[in-house]
**Q** 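To start, I am sharing the structure in question, which I have written as structure tokens.
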Amino acid sequence: MSALRFLGTTSRDGDCPTLYEVEGTDQILVQGDRVTAPEQLAELRHVKEHETFVTVPRSLLTRFAPRDKPGEVVPFSEIAHLFHEFEHTAWRLETRRGYASDRRSPSWAAWKAGTDITAEPPSAWRENVARATAEGRRFERVRLVDEPLTEGQEFLLLTGLGNVNSGEDIRNLPRSKAEALGLPDYDLWLFDSKKIARFVFDEDDTTLGVILSEDPADIAAACQARDAAWHHAIPTREYVQRVPSGM
């Protein structure tokens, strides 16, 4: 059975109106209040026995209903140029509890061996961040964190200090708060509020590729998520001080 991808909701305080995409298909799942009024059901046409009906606010459909077909999964390398070419802001949402790419890195092995990894030498990523921020462009990132932190999140919190020193604004948001805000449950990059690259992972946290989209509904949902997350997320240097010293 295909997995669901959260698209967006206009609900508050646990109300139900929500849209999902059925992964790998062109189907949209609508969650809303079931229609039970006999006079309304009597007006419906060509009703099959297995069908049911729900109502949702018009604003849910106009804001989040996709207008384009889902894109194909492409290698991450195909978006590498966007990190150099974006004009204003590259914003990342990280939702996973760990990443295979981190666990396979030399920095992970060094950290596990007890080495201080908070002041690693410059990397190509950090050099590009420094150039972009010197030009007035912004690299921003919100990482969802569990409480207590997972091992992967501890690692990212420490390595993130080097990224912050290079000019990247990384903030941390408790997962419970993200769920209350209705944030997406998938990773993405949002470039200049115009293009999205949504990550696809396997069950071992390995990146399989990304799906690119310029669909206005996708962009609107990502911008809404960014604004909500950014308002509540805690800057990395401040969040490090809140984590138990035993980390």
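Model, not experiment: these values are computed from the prediction.
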**Q** Write out all pairs satisfying side-chain hydrogen bond (donor to acceptor under 3.5 Å, both in side chains) with one or both partners inside residues 139-149, taking only residues at least two apart or from two chains.
**A**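 Sorted result for residues 139-149: Glu94-Arg141, Glu94-Arg143, Arg97-Asp146, Arg138-Glu140, Arg141-Glu168, Asp146-Gln153, Asp146-Arg175.
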
**Q** Could you tell me which residues satisfy salt bridge (Lys or Arg N to Asp or Glu O under 4.0 Å) with Glu238, sequence neighbours excluded, listed by chain and number?
**A**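 So Glu238 forms a salt bridge (Lys or Arg N to Asp or Glu O under 4.0 Å) with Arg242.
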
**Q** Sequence neighbours left out, what passes side-chain contact (heavy atoms from CB on, under 4.5 Å) with Arg137? Give chain and number order.
**A**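 By the side-chain contact (heavy atoms from CB on, under 4.5 Å) rule, Arg137 matches Phe86, Ala132, Glu135.
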
**Q** Identify whether Leu183 and Tyr20 are in the same connected component of the hydrophobic contact network (ILVMFWY, side-chain heavy atoms under 4.5 Å).
**A**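 Shared cluster, no.
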
**Q** Are the side chains of Ser166 and Trp125 in touch, meaning some heavy atoms are under 4.5 Å apart?
**A**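 The answer is no; the side chains never approach within 4.5 Å.
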
**Q** Output all residues satisfying side-chain contact (heavy atoms from CB on, under 4.5 Å) with Arg103, sequence neighbours left out; order by chain, then residue number.
**A**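 Partners of Arg103 under the side-chain contact (heavy atoms from CB on, under 4.5 Å) test: Ala100, Trp108, Asp205.
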
**Q** Establish, from distance only, whether the side-chain atoms of Ser213 and Asp215 form a donor-acceptor pair under 3.5 Å.
**A**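 On atom types as modelled, these side chains do not qualify, holding no pair under 3.5 Å.
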
**Q** For the CG atom of Asn163 and the OG1 atom of Thr236, what is their distance to the nearest 0.5 Å?
**A**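 Here the rounded value is 9.0 Å.
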
**Q** Do Asn128 side-chain atoms and Ala124 backbone N/O form a donor-acceptor pair below 3.5 Å?
**A**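 Not a single qualifying donor-acceptor pair exists.
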
**Q** Within the 4.5 Å heavy-atom criterion, are Leu19 and Val30 side-chain neighbours or not?
**A**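 They are in contact (side-chain heavy atoms under 4.5 Å apart), so the answer is yes.
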
**Q** Regarding Arg226 and Thr89, do their side chains bring together a donor and an acceptor under 3.5 Å, going by distance alone?
**A**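 Thr89 and Arg226 do not have a side-chain donor-acceptor pair below 3.5 Å.
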
**Q** Over all heavy atoms of both residues, which pair between Val210 and Phe76 is shortest? Give the atoms and the distance, please.
**A**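 Here Val210 and Phe76 meet closest at CG1-CD1, 3.9 Å.
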
**Q** What pair of heavy atoms forms the shortest contact from Ser105 to Asp102, and how long is it?
**A**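 Result for this residue pair: OG-O, 2.7 Å.
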
**Q** Once salt bridge (Lys or Arg N to Asp or Glu O under 4.0 Å) is applied, do any residues pair with Glu151, and if so which ones, sequence neighbours excluded?
**A**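 Salt bridge (Lys or Arg N to Asp or Glu O under 4.0 Å) list for Glu151, sorted by chain: Lys112.
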
**Q** Passes side-chain contact (heavy atoms from CB on, under 4.5 Å), Leu161 versus Arg237? Steps please.
**A** CA-CA 7 Å; Leu161 291 171; Arg237 289 195 182 99; 4.3 Å; yes

**Q** Indicate if Trp189 and Val129 have the same hydrophobic cluster label, given that clusters are the connected sets of ILVMFWY residues with side-chain heavy-atom separations under 4.5 angstrom.
**A**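 Looking at the clustering, Val129 is in the same group as Trp189.
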
**Q** Excluding sequence neighbours, so at least two apart, what forms side-chain contact (heavy atoms from CB on, under 4.5 Å) with Ala37?
**A**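 By the side-chain contact (heavy atoms from CB on, under 4.5 Å) rule, Ala37 matches Glu39, Gln40.
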
**Q** For a quick test of reading the model, state the closest non-hydrogen atom pair linking Asn172 to Pro235 and the distance between them.
**A**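 Distance-wise, the nearest heavy atoms are ND2-C, 4.3 Å.
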
**Q** Would you say the side-chain atoms of Arg34 and Thr52 include a donor-acceptor pair closer than 3.5 Å?
**A**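 Note: Arg34 and Thr52 side chains meet the donor-acceptor criterion.
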
**Q** For His46, what residues pass the side chain to side chain donor-acceptor pair (under 3.5 Å) criterion, not counting sequence neighbours?
**A**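 In terms of side chain to side chain donor-acceptor pair (under 3.5 Å), with neighbours along the sequence ignored, His46 is linked to no residue.
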
**Q** Could you tell me the separation between the CG atom of Leu181 and the CG atom of Asp227, rounded to the nearest 0.5 Å?
**A**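 Here the rounded value is 11.5 Å.
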
**Q** For the residue pair Ile79 and Leu212, establish whether any side-chain heavy-atom pair is separated by less than 4.5 Å.
**A**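 They are in contact (side-chain heavy atoms under 4.5 Å apart), so the answer is yes.
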
**Q** For residues Leu61 and Leu7: do they belong to one hydrophobic cluster (side chain heavy atoms under 4.5 Å, members Ile, Leu, Val, Met, Phe, Trp, Tyr)?
**A**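 In one cluster: yes.
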
**Q** Considering all heavy atoms of both residues, which atom of Leu144 and which atom of Ala178 are nearest to each other, and what is their separation?
**A**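 Looking at all heavy atoms of both residues, the shortest contact is CD2-CB, 3.6 Å.
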
**Q** Does any part of the side chain of Thr95, heavy atoms only, come nearer than 4.5 Å to the side chain of Pro184, both counted from C-beta?
**A**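 No, too far: nothing below the 4.5 Å cut-off.
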
**Q** With side-chain contact (heavy atoms from CB on, under 4.5 Å) as the test, would you mind laying out the steps for Ser101 and Thr207 before giving the verdict?
**A** CA-CA 8 Å; Ser101 57; Thr207 302; 5.6 Å; no

**Q** Kindly indicate whether the side chain of His232, heavy atoms from C-beta on, has any atom under 4.5 Å from the side chain of Val142.
**A**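 Side chain of His232 against side chain of Val142, heavy atoms only: no contact under 4.5 Å found.
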
**Q** If we count only N and O atoms by modelled type, under 3.5 Å, do the side chains of Thr150 and Arg96 hold a donor and an acceptor together?
**A**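 Thr150 vs Arg96: no donor-acceptor pair found between side chains.
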
**Q** With a 4.5 Å limit on heavy-atom distance, are the side chains of Asp187 and Tyr99 in contact?
**A**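 Yes, at least one pair of side-chain atoms sits under 4.5 Å.
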
**Q** Who pairs with Arg171 by side chain to side chain donor-acceptor pair (under 3.5 Å), at least two apart in sequence or on another chain?
**A**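 Side chain to side chain donor-acceptor pair (under 3.5 Å) list for Arg171, sorted by chain: Asp169.
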
**Q** Locate the shortest heavy-atom distance separating Trp91 from Ala229; write the atom from each residue and the value.
**A**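 Minimum heavy-atom contact is CZ2-CB, 4.3 Å.
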
**Q** Is it possible for you to say whether Ile28 and Val22 belong to one hydrophobic cluster, with membership spreading through side-chain heavy-atom contacts below 4.5 Å?
**A**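 No; tracing contacts between hydrophobic side chains, which count when under 4.5 Å, never links both residues.
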
**Q** What residues, two or more places apart in sequence or in another chain, satisfy side-chain contact (heavy atoms from CB on, under 4.5 Å) together with Glu51?
**A**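 Residues passing side-chain contact (heavy atoms from CB on, under 4.5 Å) with Glu51: Val47, Lys48, Phe53.
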
**Q** Please name all residues satisfying salt bridge (Lys or Arg N to Asp or Glu O under 4.0 Å) with Arg126, sequence neighbours left out, ordered by chain then number.
**A**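 Partners of Arg126 by the salt bridge (Lys or Arg N to Asp or Glu O under 4.0 Å) criterion come out as none, since no residue qualifies.
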
**Q** Can you see which heavy atom on Pro17 is nearest to which on Leu60, and at what distance?
**A**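 That would be C-CD2, 3.8 Å.
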
**Q** Taking side chain to side chain donor-acceptor pair (under 3.5 Å) as the test, write out the residues that go with Thr36, two or more places apart.
**A**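 Result, side chain to side chain donor-acceptor pair (under 3.5 Å) vs Thr36: none returned.
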
**Q** Does Leu29 belong to the same Ile/Leu/Val/Met/Phe/Trp/Tyr cluster as Val54, with side-chain heavy atoms less than 4.5 Å apart forming each link?
**A**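 As far as the 4.5 Å side-chain criterion goes, Val54 and Leu29 are not connected within one cluster.
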
**Q** With sequence neighbours left out, what residues match Glu214 under salt bridge (Lys or Arg N to Asp or Glu O under 4.0 Å)?
**A**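 Listed in chain order: Lys195.
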
**Q** Would you give the length of the straight line joining atom OH of Tyr239 to atom CG of Leu173, rounded to the nearest 0.5 angstrom?
**A**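 The OH atom of Tyr239 sits 9.0 Å away from the CG atom of Leu173.
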
**Q** Check whether Asp116 reaches the backbone of Thr118 with its side chain - one donor and one acceptor, N or O, closer than 3.5 Å.
**A**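 Checked: pair present.
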
**Q** Quick one: does Ile170's side chain get under 4.5 Å of Leu156's, heavy atoms only?
**A**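 No, every pair of side-chain atoms sits at 4.5 Å or beyond.
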
**Q** Take atom NE2 of His84 as the centre, draw a 6.0 Å sphere, and report whether it contains more than 12 heavy atoms from other residues, nucleotides or ligands.
**A**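 Check passes, neighbour count above 12.
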
**Q** To the closest 0.5 Å, what do you measure between CD (Gln27) and CG (Leu4)?
**A**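 Here the interatomic distance stands at 11.5 Å.
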
**Q** Would you say the side chain of Arg198 lies within less than 4.5 Å of the side chain of Leu93, judging by non-hydrogen atoms?
**A**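 Of all side-chain heavy-atom pairs linking Arg198 with Leu93, none is under 4.5 Å.
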
